[in-house]
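Remarks on the structure that follows.
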Amino acid sequence: MKENRTLIEFRNFDFWYSEKQVLFDVNMKICPDCITALIGPSGCGKSTLIRCINRMNDLISCTRMKGRLLYKNKDINQKHIGVVELRKNIGMVFQKPNPFPMSIFENVAYGLKVQNIKSRSKIKETVEKSLKKADLWDEVKDNLNLSAFSLSGGQQQRLCIARALAIRPDVILLDEPCSALDPIATAKIEYLLKKLKKETTIIIVTHNMQQAKRISDNTCYLLNGKVIEYSKTDDIFHKPKYALTKKYLNGDFG
Amino acid sequence: MVSITALMILIGIFFFLFATGIQAFAEISLHDFFLKATWNPAAYTEPAWGILALITGTLMVTFGALIISVPLGIASAIYLAEICAPKPREIIKPLIEMIAGIPSVVLGLIGILLLSPLVAGIFNLSNGLNALTSSIIVGIMVLPTIITISEDVLTSLPKEFREASLALGATRWQMIKMTLIPAASSGILAAVMLGLGRAVGETMAVLMVAGNSLAMPTSFFDPVRPMTASIAIEIKEVVKGSLHYEALFAVGLVLFIITFAVNFISDMIIEKRTRQYKW
């Protein structure tokens, strides 16, 4: 890794769901303003890993962890770090588009209302800016009061990205954002992510190796909860260091 | 088959009420029936057939009951669905459902023996059999309906809503207030409407604690005589086929139409909302 700057760092990180250990001694540094892709077969722990970063696993009882997970050099699992504050800085987009049962406008404005921003003009301005950033504005500008469910799957996912962008997070985590979408909608989102990385660090879980290859700067290959290989995307796809990585990339298993 | 039977029974009840009740209007004008406050069918010289005081009694008890049970019920549902740990919930929920199983006579007795002296004492009244006491008793009867249905609606919301909200930096309370309650609002409304239907139709407990005075009530401390209580009290004294008998059926018809309208309107609201925001 040539990048020296680090935004998020896993140090000897282990994670358990009750008695089942799903992450083993993860050591990984994620640099700012780039796209980091997590790849690996189903059940290898990539979703668990990404959900540790904004502490979404707090919602599940009986989880346990060991080791450290640093964001801007602070351990996010320490008591005095507010989880609400953390999630304002680290946004998330989920596998299945999950807009709220509200209008398009209200969906994007949600994060602002959570932060108690009351000014109508400020909210309007931010909603417009976020929808533009998510390449959705032209498609919905005349229908902002329609239900978010009237949009197509790909539009809904971009709406979720706009919703996450509205609170100007440092990092956006995407957990297989395209797995429920068709190739055209997927291409739009990939294009969007490449554009967004200039201002926001992006970490994306994907089961689609070609997607990782197309959009990411760094790629991490996970297998059975262990980081097998983590380096520049070009390196990992063209000259993988480990036999296991090579086999996975060739499609021998996974 | 069963549903056709149910439908037939419903239509049968309606026609039975309608056929008997409508005959009353041959002698009582609609204006006198709905807009006069004096109900005195047994008077020797000039019987009066105005049900306005009865309707007012029903409305006061119903809305009084809802004012008590809706905030309490929704708050309990939110607590059970979102805040309470699973273990205590498994104990509390069946307990609440058991309230629904208490016979209304028993609740009426509790109202007479415990609640009405208490109400009389607190507000310094000569007796506590009035609209307030009946509202409290009916409110208690309606609570389990509102709590269990609202709780079911809240727990059946997709977990994606919770995740999406928390991932945007919402606190748990913000998640409940800004996402879950709006998303569950049509279901919660259905719960309230069902409770309303139950409150309108409640007879026994109300009859025991409402005081049953025929005078037009002016405050919650006045005794009232809701429509249900009137029918139950008077039907055993009337001659079958007399005008009084028919008038009581007309009152029953009005009750039936009120509950039917409440259900119909709530169905429409729910239908409209679910069509707009289907997930």
Side-chain angles (χ1 to χ4, degrees), chain A residues 50-51 53-61 82-104 106-116 130 145-150 156-157 159-160 162-169 171-175 180, chain B residues 74 77-91 149-150 152-191 268-279:
Chain A
I50 203 173
R51 280 165 164 265
I53 303 174
N54 68 344
R55 287 180 51 184
M56 264 339 238
N57 289 324
D58 286 13
L59 302 185
I60 305 162
S61 49
V83 64
V84 167
E85 209 45 50
L86 177 78
R87 288 178 187 151
K88 281 176 187 166
N89 289 315
I90 305 182
M92 186 161 206
V93 174
F94 297 84
Q95 186 165 359
K96 208 176 116 205
N98 59 351
F100 297 122
M102 307 169 185
S103 72
I104 294 168
E106 284 170 324
N107 261 282
V108 185
Y110 189 92
L112 303 169
K113 287 187 183 146
V114 162
Q115 297 189 5
N116 257 326
S130 313
N145 290 320
L146 278 187
S147 159
F149 293 104
S150 63
Q156 285 187 18
Q157 198 60 300
L159 179 68
C160 292
R163 183 174 68 184
L165 287 172
I167 53 174
R168 306 183 55 79
V171 184
I172 290 192
L173 312 171
L174 299 110
D175 189 356
Chain B
I74 294 177
I78 291 169
Y79 173 76
L80 282 176
E82 298 300 324
I83 297 164
C84 189
K87 281 260 168 64
R89 176 167 60 222
E90 279 164 27
I91 302 168
I149 296 179
S150 306
D152 286 348
V153 173
L154 283 170
T155 41
S156 67
L157 291 176
K159 76 174 198 313
E160 282 83 5
F161 290 169
R162 285 164 234 268
E163 286 184 335
S165 177
L166 293 175
L168 285 166
T171 60
R172 182 144 78 162
W173 176 236
Q174 282 175 323
M175 170 189 83
I176 292 171
K177 196 174 60 172
M178 295 170 59
T179 315
L180 301 185
I181 294 180
S185 61
S186 56
I188 292 175
L189 185 70
M268 275 194 340
I269 296 170
I270 293 159
E271 171 75 10
K272 191 176 162 216
R273 236 197 100 83
T274 40
R275 218 180 316 126
Q276 195 175 1
Y277 294 121
K278 204 171 159 65
W279 57 82

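Small disclaimer: the values here were computed from a predicted structure and weren't measured. A note on names: the letters A, B, ... follow the listed sequences, proteins ahead of strands, and every chain is numbered from 1.
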*State, to 0.1 Å, how close A:Tyr110 and B:Ser165 come at their nearest heavy-atom pair, and which atoms those are.*
OH-OG, 2.6 Å
*Region of A:Pro99 that comes under 4.5 Å of a non-hydrogen atom in chain B*: backbone
_From A:Met92 atom CE to B:Leu168 atom CG, the distance as rounded to the nearest 0.5 Å_ = 11.5 Å
_Looking at B:Glu163 and A:Lys96, is any side-chain nitrogen of the basic one under 4.0 Å from a carboxylate oxygen of the acidic one?_
no
*asked:* For the CZ atom of B:Arg162 and the CG atom of A:Leu59, what is their distance to the nearest 0.5 Å?
replied: 10.0 Å
*asked:* With a sphere of 6.0 Å drawn around CZ of A:Arg168, does it hold more than 12 non-hydrogen atoms of other residues, nucleotides or ligands?
replied: no
_Euclidean distance, A:Arg55 CZ relative to B:Leu166 CG, rounded to 0.5 Å_ = 12.0 Å
*A:Ile90 portion near chain B, given a 4.5 angstrom heavy-atom threshold*: backbone
_Heavy-atom pairs under 4.5 Å with chain B: which of A:Leu173, A:Val84, A:Leu86 has the most?_
A:Val84
*In terms of heavy-atom proximity below 4.5 Å to chain B, should A:Arg163 be classed as side chain, backbone, both, or neither?*
both
_Which heavy atom of B:Gly169 sits nearest to which heavy atom of A:Val114, and what is that distance?_
O-CG1, 3.4 Å
*Looking at B:Phe161 and A:Phe100, what are the two nearest heavy atoms and their distance?*
O-CE2, 3.6 Å
